[in-house]
Structures are given as structure tokens and as C-alpha cells.
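What follows is one structure encoded as C-alpha cells, with my remarks underneath.
Sequence lines set the chain letters: A, B, ... in the order given, protein chains first and strands last, and positions in each chain run from 1. Please read all numbers here as calculations on a predicted model, not as lab measurements.
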Number of protein chains: 2
Amino acid sequence: MLTISEKFARLGTDHAPGQEVRQDRVAQDTDLRGDVIAGTPVDFSHGDVNDDAFAPTPGAFEEFVAGVERGGSQAYTEYRGGAELRDSLGERLTHFTGKPVSGADELIITPGTQGALFLALGATVNTGDRVAVVRPDYFANRKLVEFLGGVVVPVRMDYLAHTDGAGLDLGQLEDAFKSGVKTFLFSNPNNPAGVVYTAAEIARIAELATTYGATVIVDQLYSRLLYSGSTYTHLRASNIDANQVVTIMGPSKTESLSGYRLGVAFGAPHIIDRMEKLQAIVSLRAPGYSQAVLRTWFAEPDGWLQDRIALHQALRDELLGVFATVPELVVRAPQAGSYLFPKLPALDVSLHDFVRALRVQAGVTVTPGTEFSPESTDSIRLNFSQNHDAAVQAAHRIAQLIERYRADVGAVRAGIAQ
Amino acid sequence: MLTISEKFARLGTDHAPGQEVRQDRVAQDTDLRGDVIAGTPVDFSHGDVNDDAFAPTPGAFEEFVAGVERGGSQAYTEYRGGAELRDSLGERLTHFTGKPVSGADELIITPGTQGALFLALGATVNTGDRVAVVRPDYFANRKLVEFLGGVVVPVRMDYLAHTDGAGLDLGQLEDAFKSGVKTFLFSNPNNPAGVVYTAAEIARIAELATTYGATVIVDQLYSRLLYSGSTYTHLRASNIDANQVVTIMGPSKTESLSGYRLGVAFGAPHIIDRMEKLQAIVSLRAPGYSQAVLRTWFAEPDGWLQDRIALHQALRDELLGVFATVPELVVRAPQAGSYLFPKLPALDVSLHDFVRALRVQAGVTVTPGTEFSPESTDSIRLNFSQNHDAAVQAAHRIAQLIERYRADVGAVRAGIAQ
């Protein structure tokens with residue numbers, strides 16, 4: 001079997017030129033209870049980028065148009081993205097993360113953050129490699145490891161047992177490293193739970209990665225949308241060798257620029273090099289004209305980010321208020337980002353059936369917790385970057401349907417006793 | 001080891017939410033002979049999409065803008081692309097290829113045709129699988145197989161020995177199938193040689209794939225730009241089981257829409273399904289707003305395609321005329337597409353050094369033949385979708401540099417005699 005270095009040495013590019021809809025088709029709705037509840041449909045599976053919800057960054061479209069007008073030089077860039085743009089982003093991300101980022105050697109522009117994640121994993125994980133993955137965490141993480149022939153080593157994160165910190169089981173992470181894990185992948189803020197790792201948790205992750213010589217890939221997609229009272233610690237700026245960290249970000253969430261499919265990865269130069277070689281055969285480059293939109297990133301109008309945070313925070317608090325009225329529903333207030341991950345009361349239908357009932361009977365689309373952890377069989381994820389009033393009304397409909405499908409507690413207890 | 005089916009079964013998405021610049025940095029130019037030749041620089045490594053060369057399809061930009069205006073519904077589509085658009089493309093590709101394409105089940109929209117190729121190979125090639133790859137052919141093909149842990153089984157294509165047909169060694173292809181190859185990947189028209197497979201060649205490929213139960217992935221990226229006197233045969237419409245063929249196309253070449261990064265793959269439904277699952281972890285989807293640009297594809301203004309073909313054919317013929325003046329240069333007239341793949345006279349510098357001299361001394365960027373086949377050590381590839389006059393002048397500069405670096409024939413013959 002080839003080593004990862006040998007594999008990538010053979011991928012040289014030096015001389016190279018650059019679903020919920022589907023379920024409705026087969027749905028069996030015979031077990032639904034009661035009538036449809038009227039209301040504006042809300043798709044919480046992703047943010048709403050329309051003008052009456054959270055529109056793309058001001059000036060983004062104009063930068064795209066200017067890119068089209070530049071023509072060929074914008075359509076065809078180096079595989080890792082246009083050099084001038086990378087230099088500019090490097091400076092901005094140096095400022096944001098508190099540690100130098102070289103646009104020339106340490107940054108790649110990708111088709112979405114999903115593209116960045118795939119390339120980062122593809123550049124570090126070889127067949128048979130063991131990779132530590134948090135539970136719960138972004139749904140694609142375990143799939144990426146598996147597609148690449150790696151072995152997922154789960155690490156528990158008990159976010160509900162904490163009010164400060166993410167609640168990662170650091171002992172279990174060390175056990176994973178002791179067992180031979182050489183790659184650790186996690187999102188911060190966590191997707192789906194919206195919790196932020198404390199400085200102490202990040203320091204310990206850096207210490208363990210140093211001790212065991214592991215590479216850490218950290219998905220910081222939502223790190224700009226930080227609520228009041230929260231503090232964010234960038235792993236790359238902690239006490240860890242720069243060659244051991246790759247950070248993933250992009251303008252698809254906070255900035256609502258998902259329709260342009262842009263992401264960036266920055267960090268360890270040897271991994272960024274491999275990522276570019278892999279990008280050459282996976283997608284060549286991020287869309288040329290779209291890359292121009294990144295000129296607006298970290299260069300938004302004064303006050304824009306603060307306003308966006310305030311609007312999300314107000315909505316977060318109102319949604320938490322609605323869920324607080326539901327007996328036995330447990331949810332932790334997210335410290336950043338726009339995800340809510342409530343743990344539902346005991347229901348007498350399966351999670352997938354309840355999720356389908358929400359869609360069919362309440363016009364509400366959510367993502368089942370099992371996408372994020374096999375143990376999250378009683379949680380649903382909501383991306384609440386939505387029209388405020390529609391989202392609040394939808395939360396009320398969720399509360400109504402929970403009552404409709406709530407388990408008979410006596411029956412459940414009898415079940416437990418058997 | 002997992003089978004490919006098992007691997008993809010674990011990648012389910014049912015519940016999921018929705019280089020030449022670098023070389024100049026290290027160039028050693030001490031071996032260059034003579035002065036720089038003045039002239040407009042031409043980058044033949046890819047087509048020129050600027051207004052004075054071959055601009056994007058009329059109406060493409062307007063469709064993009066309309067997509068942005070639609071907002072969220074355009075930004076977020078099913079991973080395989082918007083349903084309505086797929087239906088429309090299915091109808092157009094049915095008409096183009098002469099065999100039905102279901103937009104619902106047999107078509108996926110991808111980030112560029114590179115993305116489509118990666119997904120098609122990723123969906124069919126497992127670790128250790130043997131894959132037949134033509135030499136010469138598109139540079140990424142062998143890299144894709146290698147990244148996926150497959151084994152490349154080369155099949156010769158002697159395009160210079162033929163005036164009709166691509167010249168694929170069909171006996172060698174059968175030997176490959178006999179040796180256990182289950183996947184055959186080729187471009188038609190061939191990239192880099194621009195030659196088109198005859199109906200007889202395609203019929204034999206279909207027959208062999210049927211006999212040996214192989215899957216064929218055919219990259220038809222340039223199949224619309226067909227020169228007068230050429231006939232194109234779609235493999236998918238030949239006598240082969242629909243479940244054994246995936247066809248790759250996209251609007252990045254003939255239509256100059258590369259800045260939007262769009263591709264499509266269509267064919268075997270089970271492979272398209274796998275491709276969508278893989279796309280979910282590789283890039284999620286093609287850029288949402290960009291997808292709208294595909295509305296113009298196969299729906300261009302009357303006469304537009306004919307004009308574009310005529311302009312390319314006139315340029316092809318003038319370039320062939322320039323190269324015909326160079327003693328011992330051999331080139332076959334491309335039957336489709338915008339690639340020229342001349343075999344150069346013996347030089348007394350290496351191919352890579354000559355390619356660098358072209359760039360540094362003549363302002364001409366070409367791709368070395370070794371990207372397409374390890375045996376093509378004496379060929380260069382030009383994408384002549386360029387400004388007409390600039391391209392012709394650049395070809396004259398190539399001819400000049402060939403004379404500057406031409407091997408002393410006596411010395412070469414002495415070398416051969418040793």
C-alpha cells in the first residue's frame with residue numbers, strides 16, 4: 001500500500017493546464033395524526049438567503065459582475081484560486097485569527113467549504129487510517145473518512161451537561177490518539193449544537209495534538225457569528241505547530257453567499273499543496289467569477305456584521321423561549337452560528353417519522369439528529385437563519401406536533417420496565 | 001475490503017440537509033538561446049473567453065442574474081441540481097444524443113466537467129480495480145484512477161497512423177478486458193488529439209463492453225464543436241446496455257462558460273445515484289446561481305453554434321498551414337474541438353525546457369504532451385480557442401523557436417547509431 005506522500009507525489013500538477021424532495025416521492029403518510037397546521041413553510045435544513053430573511057453581503061453581486069467583466073483572467077485562475085485575492089484574504093485571516101496566513105503558500109480557495117473539507121481529509125487520510133470524529137458533529141465528517149477508506153474513532157461531546165465549553169471528552173480524545181489516531185476533525189462552533197470550545201479545551205487539544213504528532217482539521221465555518229458573552233479561541237493561534245493545523249472557513253453561512261459556492265482552507269503548507277493537487281482532479285478550481293465575491297469577505301460595510309449578529313441573537317432568544325414552553329424538551333443556547341439542536345421529549349413515533357410529520361403536517365423541514373451522531377436519535381437540528389416571524393411561528397408548530405406525537409409516559413415507563 | 005456497493009451504501013444522503021505561474025518562480029533560464037520574440041502573449045493551455053476571442057454564450061450572464069434574483073430556491077438545489085433544470089436538460093440531451101435521458105433519474109449537474117469525471121470514477125472504481133485508460137488522453141484520467149486506488153491499464157491510440165477514426169488499438173482494449181478490467185474511460189473527441197472515433201470504433205467498444213460486462217465512462221466535452229466532414233457517434237445510443245454507460249459533458253468549452261464551473265453527467269441511474277452521494281461529501285452541489293446559466297445550453301440563438309464552429313475551423317486551418325511549413329513537424333487535423341497536438345521535430349533540449357522557452361521567449365503557453373501520455377515526449381497541446389490573429393502570430397513564433405532549438409540531424413543520427 002502506498003503512503004499518503006507517495007500517493008500525492010504521483011498526483012503532480014506542475015505541468016497541468018486548470019434532498020427532502022425525494023422522500024416525498026415515496027412517503028407513506030398513513031400514520032399521520034390530525035390535520036395540517038397552516039402557516040408559512042420554513043426549511044430549517046439550511047439558511048434562507050432571500051431578501052426577507054438574510055440576504056447576501058451588500059456588494060457581493062456587484063463584485064461578481066465585475067469579475068465577469070474582467071473575463072478570462074477571472075474565469076481561469078490558479079487551481080488554488082487567484083493569487084492577488086489569496087494575498088488579500090491571507091491578510092484578513094491573519095487579522096481575524098491572530099496568526100499569520102500566507103496567501104501564497106498557506107491558503108486555497110475551494111468550491112464551498114464542503115470542497116475544502118473533502119480536500120483536507122483527502123490530503124491527510126489514507127486507506128486504513130484512524131480518524132477521531134466528534135459525536136455529534138457535521139454530518140459529512142464521518143462519511144468523508146469512510147469514503148477515503150479511513151476508520152472513524154468517535155469522541156463524545158456532552159454539550160448538554162455543560163453551560164461553558166463544548167463538553168468534549170478530552171480523555172476519550174487522548175485515548176484515541178494513544179490508539180494510533182493521527183487526524184482529528186472537528187467543527188468550532190460545533191455543528192449541530194452551536195457550542196463554542198473554551199480556551200482551555202482548545203489549549204488541551206493543541207497539547208494532545210503536539211504530544212501525539214496529530215494533524216487537526218478545524219471547521220470554523222460559523223466563527224464570525226459570535227453572540228454576546230461568548231469568546232472564541234482559534235486553534236491555529238494556540239500553542240501548536242503551524243504544520244499540524246488546517247482551518248476551514250467560507251462565506252456561505254454568516255454572509256449568506258452559499259449560492260456562489262465558496263470556501264477557503266488555510267494552514268499547513270504541505271497539506272495546502274496536496275489539497276491543490278487533489279482539487280486539480282476533483283473540480284479544478286472554485287468558480288472563477290464567483291471567486292471575485294470573496295473580495296467582500298471580511299470587508300463588509302461598517303456595522304453590517306454587528307447587525308447580522310444582533311438579528312440572529314434576537315431570533316435565537318425568541319425560539320429558545322418557544323421551546324422553553326415544551327415540557328421535557330432540552331436545548332442549550334447556541335453561543336455562535338445559527339443552529340439549534342433541541343433534544344425532544346420521548347415520542348411514540350420514530351425520529352424519522354416525526355421529521356416527516358413536521359414536513360407534511362406543519363410545513364417545517366428540519367434535519368434528524370442521527371445525521372450528526374448515531375446516538376442523537378431524539379434530537380433535531382434547525383438552521384434558524386430565516387425570516388424572523390416565519391421561524392417563530394414554525395417553532396410553535398413544532399411544539400404543537402411534539403404534543404401530538406408525545407409518548408404516553410406511563411406506557412414508556414412500562415416499556416423501560418420490561 | 002468493502003465492495004463498492006457497500007462503500008456507497010454507507011454514504012447515504014437520504015436524511016441529509018442540503019499552474020504555469022508557479023514555475024516562473026523557480027525558473028532557471030540560463031539555457032535559453034537568442035532574444036525574446038515580440039508579440040501578443042497567448043495562453044494555449046486553455047481557451048480565451050474574452051470578448052475579442054470566444055465570449056460566453058449570449059444570454060448566459062442574464063440567466064445568472066435572474067438566478068440571483070430568484071434567491072434561495074436557486075442558491076439551494078437538490079445535490080444533483082435543480083429538478084426543473086434537469087428535466088429540461090434531459091430533453092435536450094435526448095435530442096442531441098439520440099437516446100432518452102431522464103432528468104429525474106439519469107442526470108446530475110456538477111461543478112465543472114472535472115467534477116463530473118471525479119464523481120463518475122469515484123462511483124465506479126474501488127481500491128485495486130483495474131481501469132483501461134487511453135494514451136494519449138485527458139491528463140486527469142490516470143490521476144483520478146490512481147487517487148482512487150485503482151490500477152491504470154493503458155490502451156494505445158495511434159492517431160497519427162490514421163486519417164479516419166481515432167486509431168484506438170481495439171485488440172489491446174480487448175486484452176485489457178480479458179485481464180479483468182471492468183471500467184473503460186475515454187474522451188471523444190480525444191483530448192489532446194482532437195480526433196473523433198468512427199461509428200465502427202464505437203460499435204466495437206460497445207460490443208466489447210457488453211461481452212465483458214464493463215462500464216464505460218465517455219467524456220464528450222467537445223462533441224458539439226464538430227468540423228465539416230466529420231460524423232459523431234454517441235456511445236450511449238449504440239448497441240450497449242444503458243446501465244453500462246455514463247456520458248460527461250458541459251458548457252465550459254464550445255460555449256466558453258468555464259467561469260461558471262458547470263458540468264453534467266448522464267446515463268446509468270445506479271451510477272448517477274452514487275455520484276450524488278459522493279457529491280454530497282465532495283462539494284454538495286454545482287453553484288446554485290451558476291446552474292441557471294445551463295438554461296442557455298443547447299438553446300443558443302439560431303446560427304450561433306454554426307458561426308462558432310466556422311470561426312474555429314478557419315483558425316484551425318490557418319494554424320495547420322503555419323505548422324505545415326515546419327520540416328518534420330507532424331500534426332493531424334482535429335475533427336472536432338479546439339485542440340491541436342503537433343509532434344515536434346527532434347529538439348536538442350527536453351520537452352519541458354522547450355515549453356518553458358516558448359513561454360519565456362515567445363510569450364506562448366502550451367501544455368507538454370507528457371501530461372497526456374508518458375510516451376508523448378515530443379508533442380505539445382494547444383487549445384486554439386483564442387483570438388484569431390494573436391493565435392496565428394503565436395504559431396509563427398512556435399515555428400521560429402522550433403528552428404532555434406532544432407537538433408542537429410547528423411548528431412541525432414549519430415546518437416541513434418550508437
Side-chain angles (χ1 to χ4, degrees), chain A residues 7 10-11 13-23 45-46 48-51 53 61 67-68 71-72 74-76 78-79 83 111-112 114-115 118 122 127 139-140 143-144 146-147 149 258-261 278 280-290 352 355 367-368 370-371 381 383, chain B residues 7 10-11 13-19 21-23 45-46 48-51 53 61 67-68 71-72 74-76 78-79 83 111-112 114-115 117-118 122 127 139-140 143-144 146-147 149 258-261 278 280-290 352 355 367-368 370-371 381 383:
Chain A
K7 194 167 182 173
R10 294 171 66 169
L11 286 171
T13 55
D14 288 352
H15 299 284
Q19 266 62 311
E20 288 98 11
V21 173
R22 324 213 117 214
Q23 293 163 37
S45 73
H46 59 76
D48 183 345
V49 301
N50 287 321
D51 290 343
F61 175 70
V68 171
Q74 185 69 59
Y76 288 91
E78 283 182 76
Y79 294 159
Q114 183 66 53
F118 177 78
T127 306
F139 73 96
K143 296 176 185 175
L144 285 163
E146 287 168 358
F147 174 72
S258 45
Y260 295 97
R261 297 301 305 145
L278 185 51
I281 62 167
V282 167
S283 58
L284 285 184
R285 61 175 74 78
Y289 303 141
S290 286
H352 286 168
V355 165
T367 306
T370 44
E371 287 293 308
R381 192 196 71 171
N383 185 327
Chain B
K7 198 167 180 174
R10 294 172 65 171
L11 286 168
T13 54
D14 288 354
H15 300 284
Q19 290 74 269
V21 174
R22 321 214 121 213
Q23 295 164 36
S45 74
H46 58 75
D48 184 345
V49 302
N50 288 321
D51 289 343
F61 175 71
V68 172
Q74 186 69 58
Y76 288 91
E78 282 183 74
Y79 293 158
Q114 185 66 55
L117 270 177
F118 177 79
T127 305
F139 74 97
K143 297 176 185 175
L144 285 164
E146 287 168 357
F147 174 73
S258 44
Y260 296 98
R261 299 300 307 146
L278 185 51
I281 63 166
V282 167
S283 59
L284 284 185
R285 62 174 74 77
Y289 303 141
S290 287
H352 285 168
V355 165
T367 305
T370 45
E371 287 292 310
R381 192 196 71 171
N383 184 330

Practice problem: Please state whether the side chain, the backbone, both or neither of B:Val68 comes within less than 4.5 Å of a heavy atom of chain A. | Solution: side chain
Quiz item: At a heavy-atom separation under 4.5 Å, does B:Phe61 approach chain A through its side chain, its backbone, both, or neither?
Solution: side chain
Exercise. Flag the one option from B:Ser283, B:Pro111, B:Gly115 with the top tally of heavy-atom pairs under 4.5 Å to chain A.
Key: B:Ser283
Self-check item: Least distance between heavy atoms, A:Phe147 atom then B:Gly122 atom
Solution: CE1-O, 4.1 Å
Practice problem: Give the member of B:Asp48, B:Leu117, B:Val282, B:Asn383 that has the highest number of heavy-atom pairs under 4.5 Å with chain A. | Solution: B:Val282
Quiz item: With a 4.5 Å limit on heavy-atom distance, are the side chains of B:Gln114 and A:Ile281 in contact?
Solution: yes
Self-check item: Minimum heavy-atom distance between A:Ala75 and B:Val49, given as atom pair plus value
Solution: CB-CG2, 4.0 Å
Quiz item: Side chain, backbone, both or neither: which part of A:Ala286 has a non-hydrogen atom closer than 4.5 Å to chain B?
Solution: backbone
Quiz prompt | Ring centroid separation B:Tyr289 to A:Tyr289 under 6.0 Å | solution = no
Exercise. Could you tell me which non-hydrogen atom of B:Arg261 sits nearest to which non-hydrogen atom of A:Arg285, and how far apart they are?
Key: NE-O, 3.7 Å
